[in-house]
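By convention in this document, chain letters (A, B, ...) are assigned in the order of the sequence lines, proteins followed by strands, and residues within each chain are numbered from 1. All of these numbers come straight from a predicted model, not from anything done at the bench.
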Amino acid sequence: MFKKLLVANRGTIAIRIIRACRELGIPTIAIYSTADKDALHVKMADESVCIGPAAAEDSYLNIPAIISTVLTYGADAVHPGYGFLSENGDFAEACRRSGVNFVGPAARHIRLMGDKPRARRIMARHGVPVLPGSEGKGVVELRDAQASARKLGYPILIKAAAGGGGKGMRIVRNDTELARFFPLARAESEAAFGSRTMYLEKYLERARHVEFQILADNYRNLIHLGERDCSIQRRHQKVLEEAPCPVLTPKLRERMGKAAVRAAKVVGYSNVGTIEFLLAPDGEFYFIEMNTRIQVEHGVTEMVTGIDLVKESIRLAMGEKLRFTQRQVTYSGAAIECRVYAEDPDTHLPSPGVVTNHHQPGGLGVRVETALYDGYQVPVHYDPLVAKLIVHAENRALAVARAKAALREYVIDGIRTNIPLHLRILADADFQRGDYGTDFLRRFEPAPVPVEAPRVAGRAS
Amino acid sequence: MFKKLLVANRGTIAIRIIRACRELGIPTIAIYSTADKDALHVKMADESVCIGPAAAEDSYLNIPAIISTVLTYGADAVHPGYGFLSENGDFAEACRRSGVNFVGPAARHIRLMGDKPRARRIMARHGVPVLPGSEGKGVVELRDAQASARKLGYPILIKAAAGGGGKGMRIVRNDTELARFFPLARAESEAAFGSRTMYLEKYLERARHVEFQILADNYRNLIHLGERDCSIQRRHQKVLEEAPCPVLTPKLRERMGKAAVRAAKVVGYSNVGTIEFLLAPDGEFYFIEMNTRIQVEHGVTEMVTGIDLVKESIRLAMGEKLRFTQRQVTYSGAAIECRVYAEDPDTHLPSPGVVTNHHQPGGLGVRVETALYDGYQVPVHYDPLVAKLIVHAENRALAVARAKAALREYVIDGIRTNIPLHLRILADADFQRGDYGTDFLRRFEPAPVPVEAPRVAGRAS
Amino acid sequence: MEARDLKALLVLMQEYGLVELEIEDKKGKVRLVRGHRDQATPAAEPAKVASRAAVPAAPKRTSAGIKADGEGRGEAPALEANQRLVTSPMVGTFYRASAPNAAPFVEEGDSVRKGQPLCIIEAMKMMNEIEAEIPGRVVRILCDNGQPVEYGQPL
Amino acid sequence: MEARDLKALLVLMQEYGLVELEIEDKKGKVRLVRGHRDQATPAAEPAKVASRAAVPAAPKRTSAGIKADGEGRGEAPALEANQRLVTSPMVGTFYRASAPNAAPFVEEGDSVRKGQPLCIIEAMKMMNEIEAEIPGRVVRILCDNGQPVEYGQPL
């Protein structure tokens, strides 16, 4: 068992990891920035260390400060959570060089999957279907992009080779749009990831985002835990996820699951990871990318499989063998996760502030993972994800009813949240039928309102 | 489907029923006393009706007021919850006479099982083992008690024939104690239940309280959903319950389950109910009584079976058929419920007051059923049960770890609760081994401190 | 020194307002010094609770499910010194007349004698006359004919 | 004394408003002195948060699991107008001297020049000298030799 684990994150996932460690009997160190001194993860950990000022670059992304904390406070394991340094190969390597266990895959897996054109090439070579896209090591110049586009045919999705989280992404439908948006996307990529390398991919209309959870030990045992449907996205940001995917037939699930296992196996993957696919309306599916970390939406898989992914990831990092075979994984019922963002439900602008009233929903099949408490000041500096509401029920219709009932109980005053948006999604007839793709949320977009000046509430130092 | 259901209760069970109705799409009416106008069940129901002043006799036990509410506000179903009128045959009958569905068994079942000597006789006649006890229709006079005692041998448990909740109960170990405590217990019974009829039963040392959940439709289909161990009691009041019982072998479970099904079947029972047994250290078990309602601890059975007992009870009351066969009931993992009482953990005196801080635990496998919210004033007039923490995990050791971790997260300021007692129970080596009986909690009793005057904080009107 | 023993001492300190305590015996030595927090700490805290009330109590207002206080219930109007509020002694249906076609017992502005019927509350098919407890004048009738009323609702 | 036991004591201290605690028994001796929390809350917060602070913010104090604010961290002492607080610019280990046997850079009461080394913070095997930013006199040294320090901790 690890002697002490440092949680290299904040918010909901830091709390999730601390809870898992408490159950395993592993003491935890929370790290925090000066803006987070009152954050719940700081209060919950056994020890808490301030590692830098509010800006993420100086704190949660500050590798030397985190490694120094590990060494000074004597941790023998680090869990990176999601976001921040979770998919940074240098961080994984720095941990291992400092003699501390990194809860996650090897640095080389992180780097390989972080290079999207390369990951695509490896998958294609091993028979995992990939979307037609630009060939070679990526595209930097517009004229190369135009050459690729002629071969692929429109619509086309421009992506940052090093990217993620929707940055540097654009859908283009003709030559004019390509000429206009390619340089823009490249500039975004340069700003966000420090890389001008892009790649182009055939864009599928009305496709679904279906991803498979992977679990693997260090001894080449590798299984999947079924799929999640994450098509409910706004600007490539997931909003609501569910398991199982409402349209997958057992046969298709088996085919996609096998492809996912193959994709992870060919690179010798270990620990938790996710293979993301696009599922076309015709039933064909295509590898998009692999996430080499725990996902925000891991909870829905936990609910339907009964497997605690965070505890398993820690066990696997300790060198334990996988405790389940593919056949032992069984699925029961349906689960839905609603991501609660501290944002204005109409404008989608962040809504930081002090939580003046806070009352969580509860009861059978209701799970809340929250970073909020009454009196907590939501800082402006970080991701607006402040809570996750996860429900589980014996079937999808009941899960939808339970999610609605729980959202109606949820009280978060003082800040605005996207709870009203979730209630609208759950009330939508197409959603209730399971009939939706990644374009679903566009129908909920408000008519663009001229915003005079984006309102950003009182920044705390 | 019912058109409108009146919840004839308050606190955690009222909220539980409202949640189940929301999921079923049934509008609810909450009733409340003037002391409960700010109670959470009042805020959560679709309609709320004040039915009387604070005293329970004038409100939650006031049958005419409740029936009048049913008729005036147009409900077609009533759920009695637990406590209050849930085991009052007159109330069930009054509901049916007013043409409204009572969610529970027939009035005659409630009355039969409420008459403990009679229930015992029926069980004994049908081959369900009962503890040796006084024969006939009960004992009123001390000399008859003494005659019974001679036949049974000490120790003996004196019980109120109409009783429940520990009132009118005394363990006596010799003739002197019998002479001293029998009149006392009879006086308690008269005060609490208006009946001087007692009965005597052989008292088992170190026995466990093991009860089986029954589910039955109106068409003679009747199954059990496994057992709960409720031995952790203080003065015959349950404090912590778990499922499954840690010492039951599959063979014993089958035998006891069959006996429970027989016990409920011989009386033609329908809806939810519980058969309570005493399990002796030698593996023999004895029928104690049947509870003809949902139990406080129903949640642990829901967690291990995945069956929503409150929704099922409503469905069965609508005349639906049982949706499961005995064979379809499967069990997974272990669940523990900690009853959170608003009481001083040392003196066990009630601790009403204003909840100044409230933060619920959360995360995987953690279910909270609470009547509290930040700023809520816990009234002095009712049962101190204010919340239930229920955890579920893949095995008992993990459930214990999860319960501990969750209790450590729980913040309830302004009132005192028995959370420290739960933490001590969970840390106890015997408890962790599953080695405990109904006498377990005696070891946690503080040495009796002379209390000059019980301090009861400011009564709200 | 066990945490339990220590706590017992702390409770004593708090209860009796000790700021310093020193014990030395066979088992060892304990010294405790308290700061000035106690004004705020123990049970009945009028100041704190009052200030708390300024912050709206938790689930008063919400996105959807949890109702605001008093919603759906008849609100008591502000009374003047010489006015008296008549409230319902039971849950039932409010009627202004003894029969569907009969004239109302009283109208706003009417003078009433003590004991004069004001309205009827029907509960469980029983018609219960609500009588004036004092002589006076009907200033306002707050309920409509046929409306359900709850216990304590202003009429 | 295990960290766990110590923590239990700290929780008790906080709960009962103790500012000083001393225990001596078979196992040894413990002495704990707490600063004045209210003044100490660093990074002067805006009015909104301050008014909130009157009501204890949610999980500040609890039965067990959730730590109180500031617990376990170095508390900033009250400063006088002409005093300056030196805080750690990084997480690491605090050393008062350049080598185990060397004399400390400074002692309390010493005068220092601008740029004179005050202490070392070791982070990732690197020794980082902390220099005086202004000339002055060392009033108090708040950390012990070899103690881990966090970002912003008063030295």
Side-chain angles (χ1 to χ4, degrees), chain B residues 18-19 22 29-34 37-53 58-59 62-74 94 97-98 346 351-358 372-377 413-416 420 424 446 449 455 457-458, chain C residues 3-5 7-8 11-12 15 40-62 64-75 87-95 121-128 143 146-154:
Chain B
I18 292 166
R19 282 179 176 147
R22 279 192 178 174
I29 306 177
I31 58 169
Y32 63 100
S33 74
T34 50
K37 70 183 176 52
D38 293 324
L40 198 50
H41 76 284
V42 174
K43 295 171 193 283
M44 282 179 66
D46 296 294
E47 291 177 78
S48 310
V49 178
C50 181
I51 61 159
D58 300 326
S59 48
N62 183 343
I63 297 181
I66 296 172
I67 297 293
S68 178
T69 309
V70 163
L71 298 174
T72 306
Y73 289 81
R97 286 212 179 151
S98 307
D346 298 320
S351 175
V354 175
V355 177
T356 50
N357 276 324
H358 182 243
L372 299 181
Y373 60 86
D374 205 351
Y376 173 61
Q377 172 141 21
D413 284 354
I415 59 171
R416 306 202 66 185
R424 281 155 68 205
V449 181
R455 204 188 50 179
Chain C
R4 281 190 67 80
D5 303 344
K7 200 156 174 182
V11 169
L12 279 176
E15 207 152 1
T41 324
E45 302 156 51
K48 193 159 139 203
V49 174
S51 77
R52 176 89 212 165
V55 179
K60 248 183 197 161
R61 177 191 89 63
T62 176
I66 297 178
K67 287 202 309 282
D69 258 11
E71 184 191 311
R73 268 161 255 157
E75 292 294 322
T87 60
S88 175
M90 68 193 78
V91 181
T93 308
F94 173 88
Y95 291 111
I121 307 288
E122 179 194 343
M124 302 182 72
K125 312 287 168 202
M126 296 285 289
M127 297 298 175
N128 304 283
C143 296
Q147 176 187 328
V149 292
E150 58 185 354
Y151 174 84
Q153 182 162 339

Which atom pair, heavy atoms only, marks the closest approach of B:I51 to C:Y151?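 Nearest pair, atom of B:I51 first, then C:Y151: C-CB, 3.5 Å.
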C:E150 versus B:V49, closest heavy-atom pair with distance: OE1-CA, 3.0 Å
Counting only non-hydrogen atoms closer than 4.5 Å, does B:L71 touch chain C with its backbone (N, CA, C, O), its side chain (CB onward), both, or neither? side chain
May I ask you to check whether over 12 heavy atoms, not counting those of C:M126, lie within 6.0 Å of atom CE?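 At most 12 heavy atoms, drawn from other residues, nucleotides or ligands, come within 6.0 Å of this atom.
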Say whether, by atom type as modelled, one donor and one acceptor occur between the side chain of B:S68 and the main chain of C:V91 under 3.5 angstrom. yes
